[in-house]
Amino acid sequence: MKNKIEFVSLITGPDKLPRDGRPEVVLAGRSNAGKSSLLNALGGSRQLAKVSSVPGKTRFPVLFLVDDSFYITDLPGYGYVAGSPDKHREYDLLADNYLTTGRELALILLVMDIRQAPAKNDRIMLEWLEYSGYRYAYILNKSDKLSRAQSQRRLQEFRSCLPESQREIPTFVASTTKGDGIVALREYINSLIG
C-alpha cells in the first residue's frame with residue numbers, strides 16, 4: 001500500500017521546523033543520489049518532489065507529511081551545487097544544521113548511488129551517523145542501472161568497506177524506476193513509526 005504524502009513547506013528557517021510531535025524521517029545523501037525520486041516512489045507519484053536532470057536543485061530542506069502521521073524531510077544534497085563554492089558551502093551548512101538542531105529524529109535514510117563507491121562526503125556522513133545516536137539505514141539507489149548480479153556484488157562491496165559496527169545496519173537496494181526495494185523500505189519505515 002502506497003503512503004499518502006503531501007508537501008508541507010520549505011524549511012527556510014528555525015520557525016519552519018515541525019514542532020507538533022510527529023516523528024520525522026530524513027532523507028540525506030549526495031545531490032545526484034536520487035532522494036527526490038525515492039520520495040516520489042514511496043508516495044507512488046512523480047509529482048511530489050521535483051526531480052531534475054541537473055543535480056543540486058534542492059536548495060532548502062523540504063518537509064512532507066506522510067499519512068497524516070509522520071514527516072519526511074528531503075535535505076539539500078551534499079557534494080554538488082550549481083553555482084559558486086560559497087553556495088556549495090551554504091547548502092552543505094543548511095543540511096548540517098538541520099541534523100544538529102537537537103530535535104528527535106525517528107530515522108535518517110542515507111541515499112547513495114549503488115554504482116559508485118562512497119565518496120568523501122558519504123564517508124563523512126557514515127562516520128557522523130555512527131556516533132549521532134540516531135537510528136539510520138542505507139539505501140543503495142539506482143539498481144536498475146545494473147544487472148541483479150552486479151547489484152548484489154556492489155552491495156557486498158559496500159558492506160565490506162564499512163566498519164564492523166555498521167555492517168548490520170539495514171541496507172536497501174532500490175530502483176525508483178522499477179520499484180525494486182520500495183515496498184520493503186516503505187514497510188521498514190512504517191514498522192518504526194507505527
Side-chain angles (χ1 to χ4, degrees), residues 1-3 23-44 46 49 51-56 58 66 72-81 92 95-96 98-99 105-194:
M1 181 175 152
K2 295 176 180 131
N3 292 102
E24 183 179 353
V25 175
V26 174
L27 291 175
R30 293 170 70 184
S31 298
N32 58 353
K35 296 187 309 301
S36 297
S37 296
L38 183 68
L39 181 64
N40 288 340
L42 288 170
R46 295 177 186 225
V51 178
S52 172
S53 58
V54 178
T58 302
V66 183
I72 288 184
T73 303
D74 184 9
L75 290 186
Y78 54 75
Y80 177 86
V81 173
D92 276 357
D96 290 348
Y98 196 87
L99 292 171
L105 300 174
L107 176 66
I108 298 174
L109 297 172
L110 180 56
V111 184
M112 294 170 280
D113 186 329
I114 193 169
R115 299 169 296 172
Q116 301 168 2
K120 179 181 177 183
N121 285 335
D122 291 318
R123 290 194 302 273
I124 291 169
M125 188 65 179
L126 287 165
E127 186 174 335
W128 183 86
L129 285 168
E130 184 174 12
Y131 297 104
S132 69
Y134 290 124
R135 183 188 302 268
Y136 61 97
Y138 310 124
I139 302 167
L140 302 181
N141 202 13
K142 304 187 180 184
S143 64
D144 55 285
K145 308 289 187 185
L146 301 175
S147 70
R148 191 166 297 279
Q150 288 171 323
S151 291
Q152 286 306 305
R153 188 163 55 252
R154 289 294 302 133
L155 173 62
Q156 295 309 317
E157 288 169 0
F158 171 71
R159 284 195 174 127
S160 69
C161 80
L162 295 172
E164 193 75 35
S165 58
Q166 289 183 305
R167 290 185 186 165
E168 299 305 316
I169 297 298
T171 304
F172 298 87
V173 174
S175 164
T176 59
T177 305
K178 293 184 176 179
D180 296 346
I182 301 302
V183 171
L185 177 59
R186 191 183 291 128
E187 288 174 351
Y188 173 72
I189 294 170
N190 290 338
S191 73
L192 294 180
I193 302 301

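FYI, side chains are in, hydrogens and waters are out, and symmetry mates aren't considered; it's all heavy atoms of this structure. Residues: numbered from 1 along the sequence shown.
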Legend entry - Leu107 side chain reached by Tyr188 side chain, heavy atoms, under 4.5 Å: yes

Inset, instruction - Specify the closest pair of heavy atoms between Gly34 and Asn141, including all atoms of both residues, with the distance to one decimal. - result: O-ND2, 3.3 Å

Inset, instruction - Measure across Arg30 and Ala119 and return the closest heavy-atom pair with its distance rounded to 0.1 Å. - result: NH1-CB, 3.5 Å

Inset, instruction - Name all residues meeting the side chain to side chain donor-acceptor pair (under 3.5 Å) criterion together with Gln150; count only those two or more places apart in sequence or in a different chain, and write none if there are none. - result: Ser147

Inset, instruction - Please examine the side chains of Asn40 and Thr176, heavy atoms only from C-beta on, and report whether any two atoms are closer than 4.5 Å. - result: no

Legend entry - Inter-residue atom distance Ser132.OG - Ile108.CD1, 0.5 Å rounding: 5.0 Å

Inset, instruction - Provide the full list of salt bridge (charged side-chain N to carboxylate O under 4.0 Å, His left out) pairs with a residue in residues 152-179, sequence neighbours left out, each pair given once. - result: Arg154-Glu157, Glu164-Arg167

Legend entry - CA sep, side-chain torsions, deciding dist, call: Ile169, Leu129, side-chain contact (heavy atoms from CB on, under 4.5 Å): CA-CA 11 Å; Ile169 297 298; Leu129 285 168; over 6 Å; no

Inset, instruction - Over all heavy atoms of both residues, which pair between Lys35 and Leu75 is shortest? Give the atoms and the distance, please. - result: CE-O, 3.1 Å

Inset, instruction - Kindly give the heavy-atom pair with the smallest separation between Cys161 and Pro118, and that separation in Å. - result: SG-CG, 4.1 Å

Legend entry - With Asp180 via salt bridge (Lys or Arg N to Asp or Glu O under 4.0 Å) - residues at least two apart: none

Inset, instruction - Measure the shortest side-chain to side-chain distance between Leu109 and Leu185 over non-hydrogen atoms and say whether it is less than 4.5 angstrom. - result: yes

Inset, instruction - Under the side chain to side chain contact (heavy atoms under 4.5 Å, CB included) rule, collect the residues that match up with Ser160, sequence neighbours excluded. - result: none

Inset, instruction - Using salt bridge (Lys or Arg N to Asp or Glu O under 4.0 Å) as the criterion, list what pairs up with Arg115, not counting sequence neighbours. - result: Asp113

Legend entry - Closest non-hydrogen atom pair between Gln116 and Asn32, with its separation: NE2-ND2, 4.5 Å

Legend entry - Any donor-acceptor N or O pair under 3.5 Å, side chains Asp74, Ser36: yes

Inset, instruction - State the CD-OG1 distance between Gln166 and Thr171, to the nearest 0.5 angstrom. - result: 9.5 Å

Legend entry - Arg186 side chain reached by Val183 side chain, heavy atoms, under 4.5 Å: yes

Legend entry - Among Ile139, Asp144, Leu140, the one residue meeting side-chain contact (heavy atoms from CB on, under 4.5 Å) with Ile114: Leu140

Legend entry - Heavy-atom closest pair, residues Pro163 and Glu130: CG-OE1, 4.2 Å

Legend entry - ring pair (Phe, Tyr, Trp, His ring centres under 6.0 Å) partners of residues 144-165, not counting sequence neighbours, each pair once: Tyr138-Phe158

Inset, instruction - Find the distance between NZ (Lys145) and OG (Ser175) and round it off to the nearest 0.5 Å. - result: 8.5 Å

Legend entry - pair Val66-Val25: side-chain heavy atoms closer than 4.5 Å: no

